[in-house]
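To start, the structure under review is shown below, and the notes come after it.
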Number of protein chains: 2
Amino acid sequence: MINSRLAVSVHILALIATHPEQLSSEYIAGSVNTNPVVIRRLTGLLRQAGLLQTVAGKTGATLTKDPAAITLLMIYRAVEPKETLFSMHEQPNPACPVGRNIQSTLDDTFVRAQQALEAELEAETLSDVIHRLASAR
Amino acid sequence: MINSRLAVSVHILALIATHPEQLSSEYIAGSVNTNPVVIRRLTGLLRQAGLLQTVAGKTGATLTKDPAAITLLMIYRAVEPKETLFSMHEQPNPACPVGRNIQSTLDDTFVRAQQALEAELEAETLSDVIHRLASAR
DNA sequence: ATTTCTGTAACTAAACTAATTACATGTAAA
DNA sequence: TTTACATGTAATTAGTTTAGTTACAGAAAT
């Protein structure tokens, strides 16, 4: 199971996008229901990815792009360091025809599957999420 | 990162499918490069899913379907108990409009992404993998 | 009977996740 | 300028997951 960092990050960015006032990490943590440090760790990654700006010591964060220009894939990549989705067993037996070629063979499939998933994440923007949040109200 | 059980299971099934003789869990473990118990745990799950048959105490395992009728999605579902791919944070604040609706909103996206991934796994069969293994030789 | 295999429970080490504590440092208002 | 409060980040912890391993019961075959 993929960790909850994407879910929490989308939550954070949706909050920032829909609130004109500056939100503290403590306030955001109250909405997400977690510890403020968890929020600041994620905003740190989102800042490194160029999705928002913060000023140390100063309350709040600001999006650096329009919500319609922020895809869920950007957010996912920002907070998920692992490049490959599927794990593979290490060092299968090179003396066996199957063992020798299983990694490259499976890699083709795994890359395709991962790309299909990422294409869906790329097709959805923060703006889409915000609109669905509003209509769910 | 998704665990390596799918990769190992495909490896196991490809070995069984391409060897007329009966293969012991120890032999398979030698090709995968792991412990025989790891193999038997996975063949147990694959058997429960109806993909192969074994007889306790008797060497070997036999596929119960044609390799062309076994999709990677069947294998994935057989060895991966978790139904949802993405985790979500628990109990976001219901007093906040974002917190109240983030779960159902994100669930839509996560289900779509997971389905896209699973569609790729469904489009590939054990037979496809075996052919690619053979052409890689 | 003895050997060899599978099935499975139980335990372990390593890795990962999220929560938490602690604190350095920056901002801004009194 | 001092005080209060915020962010950034390192370090620690508890819980979970994964794969590897040991141990052993029970089935099969010689």
Side-chain angles (χ1 to χ4, degrees), chain A residues 1-9 11-12 15-16 21-49 51-62 76 78-92, chain B residues 1-9 11-12 15-16 21-49 51-62 76 78-92:
Chain A
M1 196 133 90
I2 297 172
N3 60 52
S4 65
R5 289 198 286 269
L6 174 57
V8 175
S9 297
H11 190 149
I12 293 170
L15 276 174
I16 295 171
E21 71 272 25
Q22 293 294 311
L23 305 179
S24 67
S25 63
E26 180 147 7
Y27 176 90
I28 297 173
S31 174
V32 172
N33 185 32
T34 184
N35 191 291
V37 176
V38 172
I39 303 301
R40 295 203 289 270
R41 258 201 303 255
L42 288 173
T43 55
L45 291 171
L46 296 169
R47 174 166 39 73
Q48 284 176 41
L51 299 182
L52 53 75
Q53 281 184 323
T54 58
V55 179
K58 202 169 168 183
T59 303
T62 314
Y76 177 69
V79 299
E80 176 52 66
K82 292 278 172 49
E83 289 197 357
T84 62
L85 186 59
F86 288 93
S87 301
M88 199 115 64
H89 49 302
E90 303 291 320
Q91 301 180 323
Chain B
M1 198 136 86
I2 297 173
N3 60 52
S4 65
R5 289 199 287 268
L6 173 58
V8 174
S9 297
H11 189 149
I12 293 171
L15 275 175
I16 295 172
E21 72 273 24
Q22 294 294 311
L23 304 179
S24 69
S25 63
E26 181 147 6
Y27 175 91
I28 297 174
S31 173
V32 171
N33 186 30
T34 184
N35 191 291
V37 175
V38 172
I39 303 300
R40 296 203 288 271
R41 259 201 300 252
L42 289 173
T43 55
L45 292 170
L46 297 169
R47 175 167 40 73
Q48 285 177 40
L51 299 182
L52 53 75
Q53 281 183 324
T54 58
V55 179
K58 199 170 170 183
T59 304
T62 314
Y76 177 69
V79 299
E80 176 52 65
K82 292 279 174 48
E83 289 198 358
T84 61
L85 186 60
F86 289 93
S87 300
M88 198 116 66
H89 50 300
E90 303 290 320
Q91 302 180 325

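Quick note on labels: first sequence line is chain A, next is B, and so on, each numbered from 1.
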- Stepwise, does the side-chain hydrogen bond (donor to acceptor under 3.5 Å, both in side chains) test hold for B:E80 with B:N3? CA-CA 9 Å; B:E80 176 52 65; B:N3 60 52; 2.9 Å; yes
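Separating the CD atom of B:E80 from the C1' atom of D:dA19 is a distance of 14 Å, rounded to the nearest angstrom. Taking atom CG on B:N3 and atom C1' on D:dA19, their separation rounds to 10 Å, with Å as the unit. Between the CZ atom of A:R5 and the P atom of C:dC16 there is a distance of 10 Å, given to the nearest Å. For the pair B:I28 CD1 and D:dA19 P, the computed distance is 17 Å after rounding to whole Å. Between the CD atom of B:Q22 and the C1' atom of D:dA28 there is a distance of 13 Å, rounded to whole Å. The interatomic distance linking B:E26 (CD) with C:dT3 (P) rounds to 17 Å, in whole Å. With rounding to whole Å, A:R47 atom CZ is found 5 Å from D:dG8 atom P. What separates CD1 of B:I2 from P of D:dT17 is a distance of 15 Å, to the nearest Å.
Across D:dA19, D:dA6, D:dT17, the shortest atom-to-atom separation from the side chain of B:K82 is found for D:dT17. Closest to the side chain of A:S24, out of D:dA28, D:dA6, C:dA28, is D:dA6. Side chain of B:T34, nearest nucleotide from C:dT8, D:dG20, C:dT27: D:dG20. Distances were taken from every side-chain heavy atom of A:V38 (C-beta onward) to each of D:dG8, C:dA28, C:dA19; the shortest belongs to C:dA19.
Residue B:S25 places none of its side-chain N or O atoms closer than 4.0 Å to OP1 or OP2 of C:dC5.
Nucleic acid contact class of B:S87 (heavy atoms, under 4.0 Å, all strands): none. Looking at heavy-atom distances under 4.0 Å, B:R41 makes contact with a base. Within 4.0 Å (heavy atoms only), B:N35 reaches at least one base atom of the nucleic acid.
The main-chain N or O of A:A7 is never found under 3.5 Å from a side-chain atom of A:S4 such that the two would form a donor-acceptor pair. At distances below 3.5 Å, not a single donor-acceptor pair connects side-chain atoms of A:Q53 with backbone N or O atoms of A:A61.
Note: A:Y76 OH to A:I2 CD1 = 4.5 Å, rounded to the nearest 0.5 Å.
Ring geometry for A:H89 versus B:H11: interplanar angle of 30 to 60°, hence tilted.
Taking for each of B:A56 and A:T59 the nucleotide of DNA chain D with the nearest heavy atom, the 5'-most of the two is the partner of A:T59. Nearer to the 5' terminus of DNA chain C, by closest-nucleotide assignment, is the contact made by A:S4 (compared with the other of A:R40 and A:S4).
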